[in-house]
Structure formats: C-alpha cells, structure tokens
Amino acid sequence: MTEKTDRCDIKSLLRDELAERLSAMGEPGFREKQIFTWLWRGVKSFDEMTNLPKSLREKLDGAFTITAPEIERKQVSRLDGTVKYLWRLSDGNFVESVVMRYEHGNTVCVSCEVGCPMGCAFCASTIGGKVRNLAASEILDQVMYAQADSGLKISNIVMMGIGEPLDNFDNTIRFLKLVNDPDGLNIGMRHISLSTCGLAEKIDKLAGFDLQLTLSVSLHAPDDETRSKIMPVNRAYGVDAVLDACRRYFDRTGRRVSFEYAMIRDVNDTPRHAQLLAQKLAGTGCHVNLIPLNDVPESALSPSTPETVRRFMGTLTGRGINVTVRRKLGPDIEASCGQLRRERERK
Ligand code: SAH
C-alpha cells in the first residue's frame with residue numbers, strides 16, 4: 001500500500017480501520033486520535049500535522065491521500081443568504097451542495113453520487129445518468145468545506161443533493177458514522193435527514209442500523225400508475241411496498257418517516273390524488289412536505305398553481321395529516337440541486 005498510485009483515502013476510513021492501519025505501520029495507539037482530529041480540522045496535507053514526527057508524516061503521505069474539493073463556482077443569494085457550491089472533485093467530476101440559513105440552524109444539503117441512476121422525470125440530477133459513487137470523504141468534504149468557506153457553522157445536514165443515498169449505501173453509512181463522531185464534525189443523527197426515492201429493501205437495511213436520523217421518502221404520488229410515470233423506480237418498488245417499508249422503519253427505529261411530494265401540474269396534483277394520499281397516510285403520524293416543482297429546462301413538467309397547492313394541502317390537513325409547504329430558498333441562484341452541474345456539463 002505504499003505505492004503512490006495505490007494510496008488509500010484516509011478520510012473514508014472508520015476509526016477502528018484507521019487505528020488498525022496505523023498499528024500495522026508500527027505506530028502507538030494515541031496516533032489515531034491525533035491524526036483523526038487533524039483531518040477534521042481540514043488539513044490538506046500530512047505536513048500540516050505539526051505534532052507528528054517528520055518521518056511519520058512522510059510515511060503517511062506514502063500510504064494515504066487526503067481528499068479536498070476545489071470550488072468551481074459559488075453563488076450567494078442576495079435575497080436570503082443561501083450559498084450554493086459547485087465542487088470540482090479530484091478526478092474532474094462535479095457535484096453540488098447548498099447551505100441554507102434556517103432559524104433552527106444552518107443546514108447543508110449534500111450530494112452523494114456524481115449524477116444519479118434513478119431516472120425521475122422531473123429531476124435535473126439524473127439527466128446524464130450516474131457517473132460514480134462518492135466516497136464517504138467526498139460527502140464529508142462538502143460539509144467541512146462549505147462550513148469553512150461560508151463561515152457559517154453547520155448544525156444540520158440533509159442528504160437531498162445529487163444522487164440516491166441508498167444506492168451508495170455503504171459509503172452513506174460510513175459518512176453518517178464519521179460525521180457523527182465527537183472528535184470530528186460532531187453532528188447529531190437527529191440533525192441529519194436522509195432522502196430516498198424509495199428503495200424498499202435498502203430502507204429495511206437502513207432500519208437495521210437503528211440510527212436516529214430522519215428518513216424522508218420521495219413519494220410524489222399515492223398510486224402506482226401516476227408514480228411509475230414520473231419515477232421509474234416505482235416499477236421495482238410500488239407505492240404500497242414503499243409505505244410498508246416505512247412502517248417497518250418506524251417500528252424498528254421509533255422515528256416517523258417524512259414524505260416529499262413535488263407538486264406537478266395536472267400530473268399528481270388533482271383532488272383524486274390528494275384524497276388517495278390522505279387515505280394512505282391517515283393515522284400514520286407521518287409528515288408531508290409539499291414542494292412546488294422547480295422548473296427544469298429539459299423537462300416538460302410544470303409546477304402546480306399556488307391555489308392547487310393550497311387545496312391539496314387542505315385535503316391532507318382535513319384528514320389530520322401534518323403538512324408543510326417548502327419555502328423556496330435562493331430563488332435568484334437556482335438553488336435546486338443538479339442544475340449547476342448540468343450547466344457545467346453542457347459546456
Ligand atoms: N435521491 C434522493 C435524494 C435526492 S433528490 C431522493 O430521491 O429522495 C431530493 C428531493 O428533491 C427529492 O424529493 C426529489 O424528488 C426532489 N426533486 C428533484 N427534482 C425536483 C424538482 N425539479 N422540483 C422539486 N423537487 C425535486
């Protein structure tokens with residue numbers, strides 16, 4: 001493993017894995033915490049780890065790499081301070097993150113894949129398909145470097161950027177364990193939301209980890225006919241299979257699932273859709289987040305009218321369902337994910 005070309009991505013290692021590697025290099029036990037702490041302070045080279053002997057720093061440099069994205073583009077909303085980053089990764093690929101300033105704390109929305117394999121009809125991230133998974137370190141870097149560059153202390157994370165977290169399952173779990181570490185960024189699981197298009201089997205697998213994060217499921221339709229039209233994944237896991245997995249998730253973790261519903265004009269926003277959705281979710285205690293569709297130039301779909309959104313919401317609240325309508329942040333910078341990367345790829 002000392003070949004330059006074969007160096008291991010140190011920030012993706014879990015702490016016991018790092019400890020094992022260091023011990024195999026003949027290092028004493030306390031080095032692991034020293035090195036781990038440096039990594040999460042944002043060093044870009046082993047030379048900056050000034051309390052390590054020079055010989056060790058050289059050895060580490062031969063064995064490991066430290067990832068660090070470059071800012072390819074940054075936009076700051078003049079209206080609400082939302083900051084959007086387009087990152088250039090070490091292999092020249094691009095991903096996006098958005099920092100949103102909420103009253104309950106600054107929240108970063110991170111990407112987990114370069115592109116996305118899921119093919120949702122309304123989503124900019126999936127247009128060129130999936131290029132590759134992000135390493136855990138590359139997901140973490142988005143939190144760390146967004147915080148460092150913006151000067152905004154990040155207290156919450158949403159995995160709602162480019163990609164499908166449960167499709168990149170192992171790296172997502174690694175990311176969650178690392179970002180939660182008290183010697184690292186120390187962000188509590190209750191401050192993290194993970195959004196999925198509804199890979200039912202993976203929802204069950206995630207439930208097995210019994211993490212206290214919030215699971216958000218992109219439902220977008222209450223019936224298979226509508227959902228399959230806009231989300232190809234529905235042909236593998238239909239609405240009822242997804243809702244059953246959500247029930248099992250709640251039973252196992254005690255955490256209520258939240259549903260995202262992008263309101264698309266004349267597609268999923270009729271009174272019939274509202275009633276069926278209300279019927280399926282009544283009594284579950286689940287939360288529904290209605291999202292006025294963001295316009296994606298490549299897609300013919302358009303957002304529901306504000307009046308339709310209001311009526312839809314009324315049907316749900318009438319059945320005792322907890323509903324919010326997502327406020328649009330950074331409207332002047334196209335803050336919805338996937339659009340900056342698309343623009344860059346088109347060039
Ligand atoms: N793959 C995951 C997370 C990424 S997308 C998922 O599917 O949940 C984050 C959220 O944005 C999802 O709910 C997704 O359906 C939604 N979304 C994607 N494109 C959108 C658009 N044009 N308008 C509104 N919401 C959109």
Side-chain angles (χ1 to χ4, degrees), residues 84 95-98 100 107-130 133-134 139 142 157-169 171-172 175-176 192-200 202-203 206 213-221 226-234 236-237 239 242 245-246 249 257-265 267-269 277 286-304 309 312 324-331 334-343:
K84 183 160 183 173
V95 290
E96 290 170 46
S97 321
V98 185
M100 296 159 289
T107 301
V108 64
C109 173
V110 295
S111 298
C112 64
E113 297 181 324
V114 178
C116 181
M118 305 315 308
C120 298
F122 45 81
C123 183
S125 301
T126 197
I127 291 170
K130 170 175 161 179
N133 286 330
L134 292 190
I139 309 175
Q142 295 170 57
I157 299 172
V158 293
M159 297 192 80
M160 293 189 182
I162 299 171
E164 167 53 45
L166 300 187
D167 175 60
N168 185 9
F169 194 91
N171 293 340
T172 291
F175 159 72
L176 292 169
I192 302 176
S193 293
L194 183 155
S195 182
T196 175
C197 63
L199 302 172
K202 298 286 179 64
I203 291 177
L206 181 68
L213 53 77
T214 299
L215 180 67
S216 281
V217 173
S218 300
L219 196 58
H220 303 325
T226 311
R227 197 165 187 265
S228 293
K229 268 190 225 154
I230 49 178
M231 299 180 71
V233 65
N234 194 68
Y237 305 101
V239 173
V242 173
C246 292
Y249 186 88
V257 174
S258 166
F259 294 100
E260 291 153 280
Y261 200 103
M263 301 279 300
I264 312 172
R265 186 181 301 179
V267 174
N268 65 356
D269 66 350
L277 183 64
C286 288
H287 176 263
V288 177
N289 198 207
L290 298 177
I291 313 163
L293 186 79
N294 283 307
D295 254 325
V296 173
E298 288 90 341
S299 135
L301 303 170
S302 40
S304 306
V309 176
F312 200 95
T324 46
V325 177
R326 186 173 295 170
R327 197 159 49 96
K328 203 172 158 103
L329 288 175
E334 289 193 282
S336 45
C337 251
Q339 304 198 351
L340 268 190
R341 176 171 171 267
R342 278 298 300 158
E343 211 180 287

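Atoms within each ligand, like the ligands themselves, are counted from 1 in listed order. All figures in this text were calculated on a predicted structure; none of them were measured in a lab.
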Open item on the list: Between Val114 and Arg341, is the side chain to side chain contact (heavy atoms under 4.5 Å, CB included) condition met? List the steps.
Closed with: CA-CA 9 Å; Val114 178; Arg341 176 171 171 267; 3.6 Å; yes

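- In this structure, CD on Glu164 lies 6.0 Å from CE on Met118, to the nearest 0.5 angstrom.
- Salt bridge annotation for Glu260-Arg326: present, with a cationic side-chain nitrogen under 4.0 angstrom from a carboxylate oxygen.
- Counting atoms of ligand 1 from 1 in the listed order, those under 4.0 Å from a heavy atom of Val296 are 22 (N).
- Remark: side-chain polar atoms of Asp269 are not paired, donor with acceptor, to backbone N or O of Phe312 under 3.5 angstrom.
- Considering Phe259, Tyr261, Phe122 only, the shortest heavy-atom separation from atom 20 (C) of ligand 1 involves Phe122.
- With a 4.0 Å cut-off on non-hydrogen atoms, His220 touches ligand 1 through its side chain and not its backbone.
- Between Tyr261 and His220, the angle of the ring planes goes over 60°, which puts this pair in the perpendicular group of the 30/60° scheme.
- Near Glu164, meaning under 4.0 Å from one of its heavy atoms, ligand 1 places the atoms 1 (N), 2 (C), 6 (C), 7 (O).
- Taken to the nearest 0.5 Å, the CD atom of Gln142 stands 8.5 Å off from the CD1 atom of Ile162.
- Taking each heavy atom of Gly163 and Cys112 in turn, the nearest pair found is C-SG, 3.6 Å.
- Separation of atoms OG (Ser218) and CD1 (Ile291) is listed at 7.0 Å; rounding is to 0.5 Å.
- Proximity of Gly161 to ligand 1 is established by a heavy-atom distance of less than 4.0 Å.
- Listed by atom number, the atoms of ligand 1 under 4.0 Å from Gly163 heavy atoms are 1 (N), 2 (C), 3 (C), 4 (C).
- The side chain of Glu260, and not its backbone, has at least one atom closer than 4.0 Å to an atom of ligand 1 (non-hydrogen atoms only; side chain from C-beta on).
- Within the 4.0 Å heavy-atom criterion, both parts of Asn294, backbone and side chain, lie near ligand 1.
- Near Cys197, meaning under 4.0 Å from any of its heavy atoms, are these atoms of ligand 1: 6 (C), 7 (O), 8 (O).
- Counting the atoms of ligand 1 from 1 in the order shown, those under 4.0 Å from a heavy atom of Cys123 are 18 (C), 19 (N).
- Looking at Val217 against ligand 1, nothing comes within 4.0 Å, counting heavy atoms.
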